[in-house]
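All remarks here apply to the structure that follows.
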Amino acid sequence: MNLPEPSESDRPLGQLAVNSDLDEIETVLRWFEQLADPAVPPELWMQAQLGLVEGFTNAVRHAHADLDPPPPVQLSVQVSSQRFCVQILDQGAPFDFEAALATVEKAVETSDHDPLAREAHWGLVMLLKLRGAYGWTISQRRVDAATNCLSLCHPLSADGGTERSL
């Protein structure tokens, strides 16, 4: 299912601007935990937390690696009766997210692929798993000339559960 990008009708749960520093991961996790919403099932919240950590880590390690001083990473969480979304915004160079996912997916699908031998791109493997096995819509887009936005969205049913069995 292709969900649209988060929209104005989504109820914001929270926004955070945090220093682009891996030492801030604890701050990010504390912030995210205090946003917990009863409309979002715990297993879905945990999956979103994994995606949030991966997106934040990639923004710090890759998108902001050559920026001095690195700008803050912007985080937001929204929920509506139809979906739950997490967004990570960075100020890095444009990045072909779909091409990177396709390359990793092809490597993972090869019959001689040893997942324990992987040295890089573990995050992309995890995002592929969230997308393929758990029904997340994960996309990256250029918001403006200087901003990338990684969006992770999952549908919610009318009763607040997930539309896809976990």
CG (Asp144) with more than 12 external heavy atoms under 6.0 Å: yes

Output side-chain donor-acceptor pairs under 3.5 Å for residues 13-25, partner residues at least two apart or in another chain, one line each.
{"from": "Ser20", "atom 1": "OG", "to": "His64", "atom 2": "ND1", "distance (Å)": "2.8"}
{"from": "Asp21", "atom 1": "OD1", "to": "Asp23", "atom 2": "N", "distance (Å)": "2.8"}
{"from": "Glu24", "atom 1": "OE1", "to": "Thr27", "atom 2": "OG1", "distance (Å)": "3.1"}

hydrophobic_cluster_shared for Leu29 and Met126, side chain cutoff 4.5 Å: yes

Distance (rounded to the nearest 0.5 Å) between Leu75 CG and Ile88 CD1: 6.5 Å

Same apolar cluster: Leu89 and Val73, side chain cutoff 4.5 Å: no

Rounded distance (nearest 0.5 Å) linking atom OG1 of Thr137 with atom CG of Leu152: 9.5 Å

Set of residues satisfying side-chain hydrogen bond (donor to acceptor under 3.5 Å, both in side chains) with respect to Asp37, sequence neighbours excluded: Arg11

Show me the donor-acceptor pairs within less than 3.5 Å that the side chains of residues 48-59 make with the rest of the protein, sequence neighbours left out.
{"from": "Glu54", "atom 1": "OE2", "to": "Asn58", "atom 2": "ND2", "distance (Å)": "2.8"}
{"from": "Thr57", "atom 1": "OG1", "to": "Val53", "atom 2": "O", "distance (Å)": "2.7"}

Residues, nucleotides or ligands: over 12 heavy atoms within 6.0 Å of Gln34 CD: yes

Under 3.5 Å: donor-acceptor pair, side chain of Thr147, backbone of Val143: no

Atom pair CZ/CH2 of Arg131 and Trp136 - distance to nearest 0.5 Å: 13.0 Å

Any side-chain donor near an acceptor of the partner, Arg142 and Asn148, under 3.5 Å: yes

All side-chain hydrogen bond (donor to acceptor under 3.5 Å, both in side chains) counterparts of Gln74, not counting sequence neighbours: none

With Trp45 via ring pair (Phe, Tyr, Trp, His ring centres under 6.0 Å) - residues at least two apart: Phe32, Phe84

Partner set under side-chain contact (heavy atoms from CB on, under 4.5 Å) for Leu128, not counting sequence neighbours: Leu101, Val104, Glu105

Separation of Leu156 CG from Cys85 SG (nearest 0.5 Å): 8.5 Å

Spacing of Ser151 atom OG and Gln140 atom CD [to the nearest 0.5 Å]: 9.0 Å

Ile138-Val86 co-clustered via ILVMFWY side chain contacts under 4.5 Å: yes

